Amino acid sequence: MADAGILVFRACLVLLAMPVYVLNFLGLWEPFCQKIFFPFFLEKMSAVHEKKAKKFKQELFRNLPDFKSPSGELKLLEIGTGLGANFQFYPPGCKVTCSDINPNFQQGLSKNMNKNQHIHYERFLIAAGEDLRQVPSGSVDVVICTLVLCSVHNVNGTLKEVLRVLRPGGAFYFLEHVAADPSSSNYFWQQVCYPTWKLIFCGCCLTREIWKNVEQASFSDVKLQHISIKVPWTPIHQHIVGYAVK
């Protein structure tokens with residue numbers, strides 16, 4: 001019965017989102033989404049999510065200085081920088097390399113860079129998380145990834161690149177939304193929304209069990225918690241937060 005219900009509600013969502021499906025069929029949705037819709041949506045949604053996630057991020061990033069290199073520098077790479085919502089939590093003087101597959105966040109990103117002059121911005125890379133070839137192996141102390149692994153094409157491939165660019169003893173920090181408990185009503189709605197949500201929001205997958213990918217990657221130590229951050233009017237509730245050491 002549950003599977004039948006999922007299919008019925010999915011069909012209803014497809015009908016409601018039919019203009020998007022038509023634009024996608026014509027090859028027009030993806031460029032519009034990346035350049036106009038998703039940056040606009042991310043700015044609005046980010047403000048809501050950041051209010052709810054702030055206390056978790058403050059605690060998460062509190063020990064960033066512990067991963068400074070022997071020279072005393074902290075070189076940080078952020079995958080999927082987006083609008084730069086994390087800049088406020090980085091320690092003074094750290095050197096930040098920003099990367100994102102979507103180059104259309106300039107306005108929001110510039111705004112957050114101007115607001116956070118306590119850090120040094122080294123460069124911006126247009127790159128997918130699975131392909132960070134522009135970053136030399138073992139060259140950064142910390143990699144940060146928040147609300148990004150839901151939409152990369154290959155989670156394990158991204159984590160492999162994270163491990164490559166980190167120096168030995170460096171750390172990978174993450175905060176990601178994940179699949180709900182399969183027995184919960186929230187999981188039912190994640191299943192319902194999955195295809196349409198993924199299309200509308202640039203490949204965002206609601207049902208990934210990302211904690212399994214992190215725990216199975218070749219990190220020497222993983223500190224991971226399951227938390228709840230409820231985003232109103234969405235099936236996004238469950239998250240994981242923590243860091244893993246190379």
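Here the structure is a predicted model, which is why all the values come from computation and not from measurement.
Here the straight-line distance linking atom OG1 of Thr81 with atom CG of Asp100 works out to 6.0 Å at 0.5 Å rounding. Residue Leu83 holds its CG atom at 7.0 Å from CG of Asn112, rounded to the nearest 0.5 Å. Distance check, rounded to the nearest 0.5 Å: CD of Gln238 to OG of Ser228 gives 5.5 Å. In this structure, CD on Gln190 lies 11.0 Å from SG on Cys205, to the nearest 0.5 angstrom. Between the NE2 atom of His120 and the CD atom of Glu122 there is a distance of 5.0 Å, given to the nearest 0.5 Å. With values rounded to the nearest 0.5 angstrom, Met45 atom CE is found 10.0 Å from Phe38 atom CZ.
Put simply, the side chain of Leu76 does not reach to within 4.5 Å of the side chain of Val140, judged on heavy atoms. Inter-residue side-chain proximity for Leu77 and Ile144 is flagged as unmet; no heavy-atom pair is nearer than 4.5 Å. Counting heavy atoms from C-beta outward, Val96 and Cys98 have side chains that approach closer than 4.5 Å. Looking at heavy atoms from C-beta onward, Phe87 lies in side-chain contact with Glu78 at the 4.5 angstrom threshold. Taking the side chain as every heavy atom from C-beta outward, Val214 and Trp211 never approach each other to under 4.5 Å.
Side-chain N or O atoms of Glu59 include none that pairs as donor or acceptor with a backbone N or O of Lys55 at under 3.5 Å.
Cluster annotation: Ile240 is not connected to Ile236 through the hydrophobic network of ILVMFWY side chains, with a link wherever side-chain heavy atoms come within less than 4.5 Å. Linking ILVMFWY side-chain heavy atoms closer than 4.5 Å, directly or via other members, places Ile6 and Tyr187 in two distinct hydrophobic clusters. Under a hydrophobic clustering in which Ile, Leu, Val, Met, Phe, Trp and Tyr are joined whenever their side-chain heavy atoms come within less than 4.5 Å, directly or via other members, Phe105 and Phe124 fall into different clusters. Residues Val245 and Phe61 share a single hydrophobic cluster, defined by chaining ILVMFWY side chains whose heavy atoms lie under 4.5 Å apart. Connection of Ile36 to Tyr21 is established within a shared hydrophobic cluster, with ILVMFWY side chains joined at heavy-atom distances below 4.5 Å, either directly or through further cluster members.
The minimum heavy-atom distance linking Cys202 with Gln34 is given by the pair SG-CG, 4.1 Å. A pairwise comparison of heavy atoms in Leu206 and Pro235 identifies CD1-CG, 3.7 Å as the closest pair. Listed here is the closest heavy atom pair of Arg123 and Gln134: NH2-O, 3.1 Å. Minimum heavy-atom separation, Leu109 to Gly82: CD1-O, 3.7 Å. When every heavy atom of Ile229 is checked against every heavy atom of Ala53, the shortest pair comes out as CD1-CB, 3.9 Å. Closest approach of Lys212 and Glu209 over heavy atoms only: NZ-OE1, 2.7 Å.
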- Could you go through the side chain to side chain contact (heavy atoms under 4.5 Å, CB included) check for Asn86 and Lys57 one step at a time? CA-CA 8 Å; Asn86 292 326; Lys57 286 190 175 183; 2.6 Å; yes

- Test side chain to side chain contact (heavy atoms under 4.5 Å, CB included) applied to His237 and Val231, step by step: CA-CA 6 Å; His237 292 183; Val231 181; 6.0 Å; no

- Go through the steps to decide whether Ile79 and Val143 satisfy the test side chain to side chain contact (heavy atoms under 4.5 Å, CB included), and finish with yes or no. CA-CA 7 Å; Ile79 299 174; Val143 176; 3.7 Å; yes

- Query: Under the side chain to side chain contact (heavy atoms under 4.5 Å, CB included) criterion, do Glu73 and Lys95 qualify, and how do the steps go?
  - Reply: CA-CA 8 Å; Glu73 286 187 332; Lys95 296 182 176 180; 2.6 Å; yes

Side chains of residues 148-177: which donor-acceptor partners sit under 3.5 Å, not counting sequence neighbours?
{"residue": "Ser151", "atom": "OG", "partner": "Val148", "partner atom": "O", "Å": "3.2"}
{"residue": "Asn154", "atom": "OD1", "partner": "Asn156", "partner atom": "N", "Å": "3.1"}
{"residue": "Asn154", "atom": "OD1", "partner": "Gly157", "partner atom": "N", "Å": "2.6"}
{"residue": "Asn156", "atom": "OD1", "partner": "Asn213", "partner atom": "ND2", "Å": "2.9"}
{"residue": "Thr158", "atom": "OG1", "partner": "Asn154", "partner atom": "O", "Å": "3.0"}
{"residue": "Glu161", "atom": "OE1", "partner": "Arg164", "partner atom": "NE", "Å": "2.7"}
{"residue": "Glu161", "atom": "OE2", "partner": "Leu132", "partner atom": "N", "Å": "2.6"}
{"residue": "Glu161", "atom": "OE2", "partner": "Arg164", "partner atom": "NH2", "Å": "3.3"}
{"residue": "Arg164", "atom": "NH1", "partner": "Val135", "partner atom": "O", "Å": "3.0"}
{"residue": "Arg164", "atom": "NH1", "partner": "Ser137", "partner atom": "OG", "Å": "2.9"}
{"residue": "Arg164", "atom": "NH2", "partner": "Leu132", "partner atom": "O", "Å": "2.8"}
{"residue": "Arg164", "atom": "NH2", "partner": "Val135", "partner atom": "O", "Å": "3.1"}
{"residue": "Arg167", "atom": "NE", "partner": "Asp141", "partner atom": "OD1", "Å": "2.5"}
{"residue": "Arg167", "atom": "NH2", "partner": "Phe67", "partner atom": "O", "Å": "2.8"}
{"residue": "Arg167", "atom": "NH2", "partner": "Lys68", "partner atom": "O", "Å": "3.2"}
{"residue": "Tyr173", "atom": "OH", "partner": "Asn63", "partner atom": "OD1", "Å": "2.7"}
{"residue": "Glu176", "atom": "OE1", "partner": "Leu147", "partner atom": "N", "Å": "3.4"}
{"residue": "Glu176", "atom": "OE1", "partner": "Val148", "partner atom": "N", "Å": "2.9"}
{"residue": "Glu176", "atom": "OE1", "partner": "Leu149", "partner atom": "N", "Å": "3.0"}
{"residue": "Glu176", "atom": "OE2", "partner": "Leu147", "partner atom": "N", "Å": "3.3"}
{"residue": "Glu176", "atom": "OE2", "partner": "Val148", "partner atom": "N", "Å": "3.1"}
{"residue": "Glu176", "atom": "OE2", "partner": "Leu149", "partner atom": "N", "Å": "3.3"}

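Counted by atom type alone, Ser184 and Asn186 present zero donor-acceptor pairs between their side chains at under 3.5 Å. Under the 3.5 Å distance criterion, with hydrogens and angles disregarded, no donor-acceptor pair is assigned to the side chains of Asn24 and Glu30.
Under the 30°/60° scheme for interplanar angles, the aromatic rings of Phe41 and Phe37 are found to lie parallel.
The only option from Asn116, Leu64, Val142, Leu74 that meets the side chain to side chain contact (heavy atoms under 4.5 Å, CB included) definition with Tyr90 turns out to be Leu64. If you run side-chain hydrogen bond (donor to acceptor under 3.5 Å, both in side chains) between His49 and each of Lys230, His239, Lys54, only His239 comes through.
The six-membered or imidazole ring of Tyr194 lies away from that of Trp197, with a centre-to-centre distance of 6.0 Å or more.
Under a cut-off of 6.0 angstrom, the local environment of CZ in Phe9 is sparse, with at most 12 non-hydrogen atoms contributed by other residues, nucleotides or ligands. Within a 6.0 Å sphere centred on CD of Gln225, heavy atoms belonging to other residues, nucleotides or ligands number 12 at most.
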